[in-house]
Amino acid sequence: MANIAPVSFTALHHCLTEDFGLLPEPPHGGSWRTYFSGAIIWHPASSTRLLKVILGADSVPLRILLCVSSDNNNSVFLSVPFLFAELQTAIANEQQKLAQRAAIQR
């Protein structure tokens with residue numbers, strides 16, 4: 001994926017799953033797609049939810065919610081254009097926070 005905006009959902013999905021190894025939730029009719037690190041675990045106490053891609057009416061990705069960095073009161077987003085290096089850094093940071101959270105809960 002290059003520094004292109006708007007990027008297609010197909011290209012972003014390929015990047016997230018193939019380049020970064022994230023697991024997508026099963027396809028559905030909603031205007032978002034959620035991506036997980038490792039196994040797909042939804043339970044709030046042990047969730048592996050990493051990113052939520054928000055799609056426009058034409059299925060073009062509009063922004064990406066960083067799920068680990070966000071909480072009930074604050075949402076952290078990446079906006080278009082989605083740059084490969086920016087995604088790489090954001091995903092690594094989210095995975096590190098997820099690992100830290102898991103270590104604290106043990």
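The shown structure was predicted, so the numbers you read here are calculated from the model rather than taken from an experiment.
The minimum heavy-atom distance between Arg33 and His28, with the atom names listed, is NH2-O, 2.7 Å. Val68 and Leu98 get closest at one heavy-atom pair: CG1-N, 3.9 Å. The minimum heavy-atom distance between Pro61 and Val80, with the atom names listed, is O-CG1, 3.6 Å.
For the pair Arg49 and Phe36, the cation-pi test (distance below 6.0 Å, angle within 45°) is failed.
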message: For a side-chain contact (heavy atoms from CB on, under 4.5 Å) check, start with the C-alpha distance between Phe77 and Ile64, then their side-chain angles and the critical distance, and finish with the verdict.
response: CA-CA 5 Å; Phe77 291 98; Ile64 297 174; over 6 Å; no

message: Working note: His13 + Val7, criterion side-chain contact (heavy atoms from CB on, under 4.5 Å); need CA distance, chi angles, decisive distance, verdict.
response: CA-CA 10 Å; His13 176 79; Val7 64; over 6 Å; no

message: Set out, in order, the CA-CA distance, both residues' side-chain angles and the distance that settles side-chain contact (heavy atoms from CB on, under 4.5 Å) for Val60 and Phe9, then state yes or no.
response: CA-CA 6 Å; Val60 171; Phe9 172 70; over 6 Å; no

- request: List the steps and the verdict of side-chain contact (heavy atoms from CB on, under 4.5 Å) for Lys52 and Tyr35.
  value: CA-CA 6 Å; Lys52 183 177 184 179; Tyr35 292 83; over 6 Å; no

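Separating the CZ atom in Phe84 from the OG1 atom in Thr89 is a distance of 10.0 Å, to the nearest 0.5 Å. Between the OG1 atom of Thr17 and the CG atom of Leu23 there is a distance of 9.0 Å, given to the nearest 0.5 Å. Within the model, atoms CD of Gln88 and SG of Cys15 stand 9.0 Å from one another, a figure rounded to the nearest 0.5 Å. Interatomic distance, CG of Asp58 versus OG of Ser31, reported as 11.5 Å (0.5 Å rounding). A distance of 11.5 Å separates OG1 of Thr34 from CG of Leu22, quoted to the nearest 0.5 Å. Taking NE2 of His14 as the reference point, atom OG of Ser8 lies at 11.0 Å (rounded to 0.5 Å).
Here the side chain of Arg101 pairs a donor or acceptor atom with the backbone of Ser47 at under 3.5 angstrom.
When side chains are defined from C-beta on, Leu16 counts as touching Ile91, because their heavy atoms get closer than 4.5 Å. Side chains of Leu78 and Arg63 form no contact here, defined as non-hydrogen atoms less than 4.5 Å apart.
Leu65 and Leu87 are not part of a single hydrophobic cluster, where members link through side-chain heavy atoms under 4.5 Å apart. Trp42 is not connected to Leu51 by any chain of hydrophobic side-chain contacts under 4.5 Å among Ile, Leu, Val, Met, Phe, Trp and Tyr, and they are in different clusters. There is a path of hydrophobic side-chain contacts, each under 4.5 Å, that joins Leu55 to Leu66.
Between the side chains of Ser69 and Glu94, at least one donor N or O lies within less than 3.5 Å of an accepting N or O.
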